[in-house]
Structures are given as structure tokens and as C-alpha cells.
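Atoms considered below: every heavy atom in the structure, side chains included; atoms not considered: hydrogens, waters and symmetry mates.
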Amino acid sequence: MQNFTKSFIQGVFLLLAVVFLNTTEVFAQTTTISGQVTEVGTKETLVGVNIVVKGRVVGTISDLDGNFTLRVNQAPPFTLIFSMVGFSSQEVEITDSNVSNLQVSLAEASILGQEVIVSASRIEENVLQSAVTVERMDIISIREAPQANFYDALNNMKGVEMSTQSLTFKSFNTRGFNANGNVRTVQLIDGMDNQAPGLNFSVGNIAGISELDLESLELLPGASSALYGPNAINGILLMNSKNPFQYQGFSAQIKTGVMDEGQRSNPTTGFYDFAARYATAFNDKLALKVNVNYLRADDWQANDFRDQSLLNGSTIEGGSRQNNPGYNGINIYGDETNVNMFSVAQSLVGAGLLPQAALAIIPQTSVSRTGYMERDLADYGTESLKLNAALHWRLNDRVEAIFQGNYGAGTTVYTGADRYSITGFNIGQYKAELKGANWFVRAYTTQERSGDSYAVGIAAQGINEAWKTSQQWFGQYVGAYATAAGQGADANTAHAAARAFADQGRFMPGTPEFNQALGDVRSRPIPGNAQGVGARFVDKTNLYHLEGSYTFKDVTWADFVMGANYRLYSLNSEGTLFATQENGDEFSINEYGGYFQGSKRLINDNLKLTASVRYDKNENFDGQWSPRVSAVYTAGQHNFRVSYQTGFRIPTTQDQFIDLMTPQARLIGGLPLLRNRYNFNTNPVYSLATVTQFGGGIQAWATNPANQGAVMQEVLGQFPPGTSPNDPSVMAVFNQLLPVRAAEANQNLKQEYVVRPFQPEIVRSYEIGYKSLIAGDKLMIDGYYYYNRFENFIGGQVLVQDRNPGSGIASTTGLNLLSANTRNVFSMPVNRQEIIKSYGWALGMDYQLPKNYTIGGNVSFNKLSNIEDLGGFQPSFNTPEYRTNFTFANRNIAYKNIGFAVAWRWQDEFVWQSSFVGPLVSTQGLSVMPAFSTFDAQVSYKLKSLKSIIKVGGSNLFNSSGYRQAWGNPTVGTMYFVSITFDEFLN
């Protein structure tokens with residue numbers, strides 16, 4: 001891999017050299033333009049106005065006095081474009097070789113429908129005429145969002161939902177199939193995929209972009225594979241930072257406040273967020289920027305202690321450690337380990353540690369170990385450090401080179417199959433790019449390092465095992481229960497006595513013994529070694545990416561753009577996450593792809609037709625074609641659009657190669673390599689649903705009085721005539737034989753699972769939409785309806801396998817499949833044979849009221865339409881049917897010094913499905929996430945003399961009980977904040 005890295009870097013610099021040598025311009029006439037930019041109404045000078053030559057990369061900005069000077073290596077005529085967010089752009093044609101004292105005035109204007117975007121089609125177009133719906137935030141809306149940061153403000157967009165796993169780790173989603181760490185959405189920062197390569201999803205904005213450096217973001221809901229490649233199947237978020245040529249000077253922001261939620265260890269705590277940015281252009285050719293952003297807080301806590309075991313007749317709301325010996329709290333860990341008491345008793349009898357007669361008083365009851373709360377195990381001291389530096393070098397008026405480095409590090413908590421304490425996690429992204437007005441070539445690498453991260457659930461198990469092995473603990477529990485029951489205690493009393501006896505000397509949170517055990521478990525990589533269980537996961541996976549795009553400007557009768565990319569994943573988890581090859585090395589994955597798009601305007605430019613096709617190939621799967629066709633018809637201010645596109649998702653690195661033991665199951669990848677490794681061909685596997693049905697059949701048969709009578713007669717035939725059925729020896733044999741006969745009678749329910757070839761997931765998406773700007777350009781309407789058909793849908797499948805095949809009657813009858821001690825449980829991604837269908841719609845309206853007031857609202861609907869056809873499969877749609885948002889704001893009132901914004905949102909209840917949900921809860925669809933609403937608000941005051949803005953606000957202001965957005969995630973309470981932002985170029 002070192003050789004590859006060296007070759008990759010050498011190739012990048014060779015590419016830069018070649019392009020530089022071929023783009024150096026010969027001597028050309030230099031034209032100098034100078035002047036001043038002012039505001040039309042007030043005649044005040046405007047600072048930081050962007051001034052560029054149309055069709056070239058050369059440009060400058062107006063200085064602190066509104067003045068500018070621009071030198072262009074081109075003879076007139078050419079056109080200058082003057083632009084600034086919040087003002088109407090203006091084009092000025094230059095016809096003289098030297099122009100001085102050019103006076104340009106820009107008018108403040110509503111930005112409704114005026115934005116120019118490139119994300120929808122990779123070519124510049126007005127947002128009203130885009131082929132798909134696009135949600136956008138610019139500098140002003142970012143600055144004045146009524147949330148504590150811009151990433152939280154994604155909630156205000158129509159059709160967008162979030163999953164909050166910690167203060168700094170949130171995942172966005174659109175159009176269903178939401179997940180913690182969403183692998184069906186893509187997040188780009190300055191063209192770089194922001195995913196953690198070993199996790200295959202973006203870690204929120206913990207390793208992302210500083211708000212001070214964010215120029216704009218654009219969100220495309222739905223499939224975007226045709227132009228952006230694999231995995232942009234549910235949506236793509238593009239974030240663009242500020243170019244140091246265009247945004248110069250020093251800016252800083254200090255933000256602080258309090259977080260309040262009643263169930264936390266300390267309900268009210270402070271948070272601190274500091275950011276600074278400095279950018280300067282040394283001359284017309286060279287510019288530099290640096291950014292730093294640091295946040296620290298006590299995180300939201302996961303305190304859901306409901307019982308998700310459903311064992312021993314318990315319910316989610318009613319089960320507790322006091323009334324259910326098999327209790328498994330949602331955010332309690334270590335209690336996932338459970339056994340059947342009678343099975344333990346049989347082992348004790350066989351070892352001579354318990355008399356045979358004791359079997360008559362040991363019930364068929366599941367018992368779990370005593371667990372620990374998440375707050376005692378996870379690192380809730382969340383931190384986020386983001387560093388960025390970029391050097392922009394204009395090789396000439398047509399080519400700009402960018403050398404950029406982004407580094408993010410932090411501590412947070414993430415919900416996967418387990419809860420993971422992401423401690424000391426860091427990602428570095430390093431890019432070299434060349435771009436012109438109509439092309440770019442970009443190479444970057446992403447270097448992920450997991451630091452001291454560990455699995456919280458495994459850590460709890462490790463602490464328990466370090467104190468006392470489960471074999472010892474369950475043996476002591478059953479022995480103490482037998483003693484108490486034999487002395488006449490009722491079941492509840494006997495269980496309490498048994499747990500108290502088995503828990504004697506248990507490591508208690510906060511004690512030196514507990515801290516030592518936790519430290520030891522955290523220090524050992526998963527799954528552990530001879531010294532004990534290991535919870536630490538090591539991930540040093542790297543991603544290498546090379547891509548380019550070219551827009552054909554010389555073709556006048558149509559617009560064409562083409563591009564290609566190559567990507568390599570180098571997996572490295574030191575054996576903790578991924579499977580290894582026979583030589584001990586982990587795998588690498590190669591991907592490549594390319595696309596071509598053409599668009600043409602017809603019928604007096606009122607009809608725009610666009611067609612594109614993309615091909616992608618991953619070395620482990622067949623190649624995939626992704627076509628897209630769309631039409632946009634403009635009738636005055638009304639824009640009607642229709643599109644069809646295919647998106648696809650190549651199975652992630654973890655989908656392919658994960659091999660990880662968790663408290664619930666062993667997670668394995670879907671490639672044949674893993675199935676062969678765990679002997680699926682010789683030792684059959686069964687779906688959890690089949691095993692559950694099999695177990696239910698056994699229980700129903702065994703509780704039938706007629707069946708019990710028949711088995712008793714069989715047993716009595718083995719004893720001397722006249723032996724009482726209540727004789728302890730008879731009961732012992734009866735209790736052993738009854739489940740065997742019940743299993744033999746239900747063999748037809750024990751159906752083997754057939755594992756099919758693993759393939760990429762495909763979606764075929766149909767969409768119609770309407771967008772207009774009416775009522776005197778005051779009312780903007782944007783609506784759409786979509787219909788999706790998923791083929792080869794990838795979902796988790798829980799499989800059960802006999803741990804000791806051929807070991808006796810319990811193996812041949814399938815009883816081994818029903819006990820945690822005698823079965824293996826796997827969770828692996830598989831392709832569904834069914835077509836999974838979903839549909840939805842969204843409608844958004846924004847109205848510009850007099851005196852700069854704005855009001856807006858949106859509502860979205862998403863539904864999985866054929867769940868009844870899926871045979872019990874749970875596709876983890878994880879999306880409320882209805883979501884709605886309302887906003888009211890004014891960014892300039894009271895002589896343009898005061899602004900405010902409020903936002904209210906609501907979402908319906910829905911069922912959350914994931915590998916973190918208890919198997920029985922998931923199977924029965926009981927993991928319901930309640931409906932909730934939030935209210936956010938902010939007021940800002942502009943101190944013009946100090947070039948600063950003070951902002952005071954709060955989020956979730958009237959929801960005192962907080963809310964959770966996914967099963968097992970923390971409760972989000974109320975946040976109050978105040979910030980002061982200084983910007984040297986603030987108008």
C-alpha cells in the first residue's frame with residue numbers, strides 16, 4: 001500500500017505538471033479595470049463583492065472601501081460579472097483596454113428563485129428550471145438559521161429528516177430508508193466524498209466543514225447516481241467552501257450556551273464553540289486560507305431503559321429488572337447475555353453440582369446478566385476539532401490549481417449494531433485539483449483513523465466477564481435459585497435471592513475495579529485475547545479517488561458534459577472489523593466509472609430535454625448502467641418537469657467484508673468468502689423468523705395437555721409399574737423428553753435458508769414536479785411526486801446456525817437452534833427477491849412579505865407501499881409518513897440592524913428497524929418512535945461599526961421531555977445559545 005500511495009501522489013503531481021505546461025498562455029495584452037461598487041439605495045460602498053471575468057477563473061473582490069482593481073490577460077471585449085449574496089448580479093461589458101473609475105451599483109433583491117445551481121445537472125442553470133428538486137442554503141440563510149449550527153438547519157428543508165446519535169453526529173436522509181450512519185446518501189465537501197471509508201458514511205459534520213467557511217450547500221433528494229456515482233441512491237448533499245480569492249480577510253465566531261434535558265446525569269451543562277477563518281490574496285495569482293473550529297460539550301445521553309427482551313412474557317413498557325429475570329434494557333448493556341435456566345440446571349446436574357431432583361423446581365425461564373447503563377460506559381465528553389487550509393494558485397486566467405487539506409477529529413457516540421463510543425476519531429482529506437471555467441481534474445485521499453473507539457455493549461460484556469465468567473455467574477444463579485425455591489420461596493423471591501447471590505462483589509461504576517476493567521477491555525481490540533474480551537475497534541482504512549469532468553463549451557447547438565472517476569478502498573482494521581485473507585492482510589476494493597450527458601433546448605427554449613448515462617464497475621460485482629432522462633417545460637413563470645433515472649448502491653466495504661462479533665450477533669459480509677468461512681454449505685442456517693416459528697410450534701405442542709399426557713405415559717413406561725408421575729426422577733426425564741418430542745412433531749417448520757448471490761441494489765425512480773415564482777415574484781412554489789422501485793434491495797438478515805452440529809438429539813431435532821449456548825447467530829446483508837416499492841410527495845411554498853418579512857412552509861409524505869408483500873422482511877424504511885415545517889423570518893428590520901427567524905416542525909410516529917433493535921421487538925414491529933414537534937428561534941443584531949453580528953436563540957424550546965429520532969439514540973433536549981460573529985468584510 002505504501003507503493004500505491006507513492007504512485008498515487010506521483011501521478012497527481014505529474015498530472016499537474018502536464019496540465020500546467022499545456023495551459024500556460026503566451027504573451028497576451030493586459031487589460032486593467034478599476035472602480036468602485038456601491039449599493040443602489042443607500043449609495044454605501046459594498047465590500048467583498050465578487051468580480052470575475054465571464055468564462056474564466058480570473059477575478060477579484062472589492063476591498064474595505066468598495067474599490068477594486070482587476071488585471072486580465074485578454075484584449076477587450078469581455079464581460080465582468082459583479083455578484084454578492086442578497087443582491088442582483090450585474091454584467092458589465094468591457095470594450096476599452098484600460099478602464100478606471102468604473103462605477104457599479106448593485107440592488108438588494110429577493111433571492112427567491114434567482115439562485116444559479118450546478119448540482120442538478122453539473123452545468124449552470126436557474127434553480128427554477130432544474131430537472132430535479134433542489135434544496136439550497138446560501139451564506140445569509142446559513143448565518144440566520146434559527147438553529148445552533150447550519151447542519152441542524154437541514155431539518156428546515158422539505159422532505160429532510162435527521163437521526164441524532166449525539167450532539168455532533170447526525171445523519172440526514174430523504175425519501176425513506178433512514179439509518180444511523182446512512183449509507184444511501186452521499187455528502188461532498190468541495191467535491192470530496194466526506195465518508196469515513198471504513199464505515200462508508202459521513203460522520204455528520206464532526207469531520208466536515210466550519211460554518212465560517214461554508215459558502216453554500218445544495219441538497220438533491222432522491223437518486224443521483226447518474227452523475228454522482230454509486231450510493232447516492234437516496235440523496236446527495238454538496239457543501240462548497242469559500243474561495244480565498246473571493247472571500248478575504250479575518251472572521252471569527254464565539255458561540256456558547258446551555259444544553260438541558262432532565263434525564264441526563266447532570267441535566268444542565270454548557271457548551272463552547274469557537275471558529276476562526278483567515279484568507280488573503282497575495283496577488284492576482286496566489287491566495288491562501290486557513291480555518292479552525294473547536295467545539296466541546298457534555299453530550300446528550302441515551303437513557304431508554306425499557307425492556308426489549310420480550311422474554312418470560314414481559315412487554316416493552318412493563319418489563320423491568322424487578323419483574324423480568326431476562327430483562328434487556330435498550331440502553332443497558334451486558335444484559336444481552338441470557339440463558340435458559342433449565343438448560344443450565346441440566347448442565348449442573350450432569351457435572352454433579354446439582355441433584356437430579358432439583359430439575360423439578362427449575363423453570364423454563366430465561367435469565368440475563370446484570371448490565372450497566374450507557375452513561376457509565378460511553379465517553380460523553382464530546383469534542384470536535386476541524387482544521388482546514390487551502391492554497392489557490394491561478395496558473396493563468398483560465399486555470400486555477402487548488403491544494404487543500406481538511407482534518408477533523410473528535411469524540412462522539414454512534415449507533416450501529418451496538419452503541420459505539422467514537423473516542424479520538426480523526427479523518428484527514430487531502431486534495432489536489434485543477435479547474436477551468438468548464439472542466440476540472442481532482443485527486444484526493446481520505447485517511448480514517450478510529451483512535452481509541454470502542455463498542456459500548458461489548459465493553460459491558462467484557463467487564464462482566466472480567467469480574468466473573470458467564471458460566472460461573474449463571475451456575476451460581478441457578479444454584480441459589482434452587483436453594484431458595486427448595487426452601488419454599490416463591491418465584492419472585494427466589495429470583496431476587498439468586499441475583500443477589502450471583503452479583504456479590506460485582507464491579508460497580510466509578511470504583512477503581514470498574515475503571516480498571518473498563519480500561520482493560522477498551523484497550524484490547526475486538527474480539528479480545530487470552531487476557532479477556534476486547535471492545536476496541538481499529539480502523540485505518542484509506543480511500544483514494546481520482547476524477548475529472550469536461551463541459552463542451554464549443555458546441556453551440558446543445559450542452560454536453562462528460563466525466564470519469566477511479567476509486568480504491570484500502571481496508572485496514574487490524575482484524576477488528578473486516579475479514580482477512582489467508583496471509584493475514586485485509587482486502588482492497590477497486591471501483592471505476594464514467595458518465596456522459598447531453599441537454600437540448602427546443603420550442604423557443606421553453607423545453608429542455610436532458611439525457612445521461614453512467615457506467616460503474618466494482619471488482620466484486622458486475623458493472624452497473626445508470627441512465628437518466630428528464631424534461632422541463634417552461635410556460636412563463638411556470639416550470640413543469642418529469643424525469644426517470646436509475647440509481648444504484650454498490651454494497652459498502654462493510655456489506656462486503658465485515659466480520660465482527662457483537663452482543664446481538666456476528667456481523668458478516670455478503671460475499672461468498674464469509675459464507676464459506678462459517679460453513680454455510682455444510683452446516684445449514686435458518687432465518688430468525690423460521691427459528692422463532694419453530695420455537696413457537698414447540699411451545700404450543702408442549703403445552704397441549706394431550707401431548708403432555710402421551711409423553712408422560714412414554715416416560716412411565718421406563719419406570720417400575722405404580723411409579724407416581726410426580727416422582728422427581730419421573731419429572732426429570734419428562735422435562736428432558738417433552739421438548740424433544742415437541743421438536744420432532746414440528747420439523748416441517750424448520751426450513752433452511754437459501755443464500756443467493758450478492759448484488760448491488762438498484763432503484764428505478766420516476767418523478768414529476770412543478771416549480772414557479774408568481775405573485776409578482778413574491779411566491780415560490782415547489783412540489784413533486786415520486787415513485788421508486790427497488791430491485792436487489794439490500795437488507796439485514798439474521799441467520800441461526802447449530803453451534804455443535806451432530807452433537808446429539810438436541811442437534812438432530814433442531815433444539816440447539818433455540819438456545820443462546822448452543823447456536824450461532826449471524827447478521828448479514830442479503831438481496832431481496834421482491835420488488836420493494838415506495839412513493840411520496842412534497843410541497844413547499846415561500847412568500848416574500850412587505851418590509852423583508854418572509855413566511856414559508858413545507859409538507860412531505862413518504863410511504864412503503866407493498867410491505868404486505870415482503871413476507872415478514874423488514875426493509876428498515878424508518879421514515880414517518882408525514883413531516884412538516886413552518887418558518888417566519890426577517891433578516892433586516894429596524895434600520896437593517898435586527899433580524900429574526902423562527903421554525904416549527906412536526907413529524908408523525910413510525911417504526912424504527914435496525915440491527916440495534918432487539919430481535920423479538922424488531923420481528924413484531926414494536927420499536928415505535930413517537931411523534932414529536934420542535935420550535936426553534938433566534939434574534940440577531942448587527943453591529944456595523946464592529947463588523948459583527950450578535951445572535952441569541954434556542955432550539956426545541958417548548959418540548960420539555962425532549963425527543964428521540966431513532967431506537968436507542970439519545971434524548972435531545974433544549975439548547976439555548978448566544979454567538980458573536982466578526983467578519984472583516986461584513987457589509
Calculate, to the nearest 0.5 Å, the distance between atoms [atom1] and [atom2] belonging to [X] and [Y] respectively.
X	Y	atom1	atom2	answer
S421	F537	OG	CZ	9.0 Å
E374	Q301	CD	CD	8.0 Å
S865	Y839	OG	OH	6.5 Å
Q833	F793	CD	CZ	14.0 Å
Q913	L926	CD	CG	10.5 Å
L870	E834	CG	CD	5.5 Å

(message) K468 vs D503, test: salt bridge (Lys or Arg N to Asp or Glu O under 4.0 Å). Steps then yes/no.
(response) CA-CA 9 Å; K468 184 183 294 183; D503 274 350; over 6 Å; no
Validation row, ring centre [X] to ring centre [Y] under 6.0 Å:
X	Y	answer
Y753	F680	no
F790	F177	yes
F514	Y372	yes
Y678	F826	yes
F877	F910	no

Please check if the side chain of [X] supplies one atom and the backbone of [Y] the other of a donor-acceptor pair under 3.5 Å.
X	Y	result
Q718	V715	no
Q165	T415	yes
R756	V830	no
N683	N679	no
D304	W967	no
T493	A489	no
N303	Q263	yes
T576	P525	no
D520	A517	no
E513	F507	no

(message) Pair T337, Q461 - check side chain to side chain donor-acceptor pair (under 3.5 Å), show working.
(response) CA-CA 8 Å; T337 304; Q461 287 185 327; 3.1 Å; yes
(request) Kindly determine whether Q472 and T469 satisfy side chain to side chain donor-acceptor pair (under 3.5 Å), including the steps that lead there. (result) CA-CA 5 Å; Q472 291 176 299; T469 67; 3.1 Å; yes
(message) Quick one, Q965 and F932 - any side-chain contact, counting heavy atoms below 4.5 Å?
(response)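 Answer yes - side chains close enough.
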(request) Please examine the side chains of I316 and L310, heavy atoms only from C-beta on, and report whether any two atoms are closer than 4.5 Å. (result) yes
(request) Output every pair passing salt bridge (Lys or Arg N to Asp or Glu O under 4.0 Å) with a member in residues 307-329, not counting sequence neighbours, ordered by first then second residue. (result)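 Passing the test, one end in residues 307-329: R306-E317.
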What I want to find out is whether [X] reaches [Y] closely enough, with some N-O distance under 4.0 Å, to be called a salt bridge.
X	Y	value
R369	E465	yes
R823	D802	no
R832	E791	no
R741	E714	yes

(message) Whether the N178 and T879 side chains hold a donor-acceptor pair (N or O, under 3.5 Å, no angle test) is what I'd like checked.
(response) no
(request) Please determine which of E744, Q751, K750 meets the side chain to side chain donor-acceptor pair (under 3.5 Å) test together with Q747. (result)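 In the set E744, Q751, K750, the residue that makes a side chain to side chain donor-acceptor pair (under 3.5 Å) with Q747 is K750.
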(message) One pair to check against side chain to side chain donor-acceptor pair (under 3.5 Å): N328 and N338. What are the steps and the verdict?
(response) CA-CA 9 Å; N328 174 12; N338 69 79; over 6 Å; no
(request) Examine R419 relative to Y414 and say whether NZ or CZ is less than 6.0 Å from the centre of the six-membered ring and inside a 45° cone about the ring axis. (result) no
(request) Begin from the C-alpha positions of F694 and Y686 and carry the test ring pair (Phe, Tyr, Trp, His ring centres under 6.0 Å) through to its verdict. (result) CA-CA 10 Å; F694 179 54; Y686 304 85; 8.1 Å; no
Exercise: identify the closest heavy-atom pair between [X] and [Y]:
X	Y	answer
A360	M731	CB-CB, 4.4 Å
N331	G968	ND2-O, 3.1 Å
S961	T971	O-CG2, 3.7 Å
G326	S368	C-OG, 3.4 Å
L348	G475	CD1-O, 3.8 Å
L920	L311	CD1-CD2, 4.4 Å

(message) My understanding is that only one of D418, L377, I463 makes a side-chain contact (heavy atoms from CB on, under 4.5 Å) with I458; could you say which?
(response)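 Considering D418, L377, I463, a side-chain contact (heavy atoms from CB on, under 4.5 Å) with I458 is found only for D418.
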(message) Can you confirm whether Q471 is buried at CD, in the sense that more than 12 heavy atoms of other residues, nucleotides or ligands lie under 6.0 Å from that atom?
(response) no
(request) For side chain to side chain donor-acceptor pair (under 3.5 Å), just list the numbers for T370 and R499, CA-CA rounded to whole Å, side-chain angles, deciding distance to a tenth of an Å, and then say yes or no. (result) CA-CA 8 Å; T370 307; R499 188 169 298 276; 2.8 Å; yes
(message) Show me the pairs that pass side-chain hydrogen bond (donor to acceptor under 3.5 Å, both in side chains) and involve residues 698-713, at least two apart or across chains.
(response)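 Matches after skipping sequence neighbours: none remain.
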Can you list, pair by pair, the side-chain donor-acceptor contacts under 3.5 Å of residues 339-346, counting residues two or more places apart and other chains?
residue: N340; atom: OD1; partner: F342; partner atom: N; Å: 2.9
residue: N340; atom: OD1; partner: S343; partner atom: N; Å: 3.2
residue: N340; atom: ND2; partner: Q364; partner atom: OE1; Å: 3.2

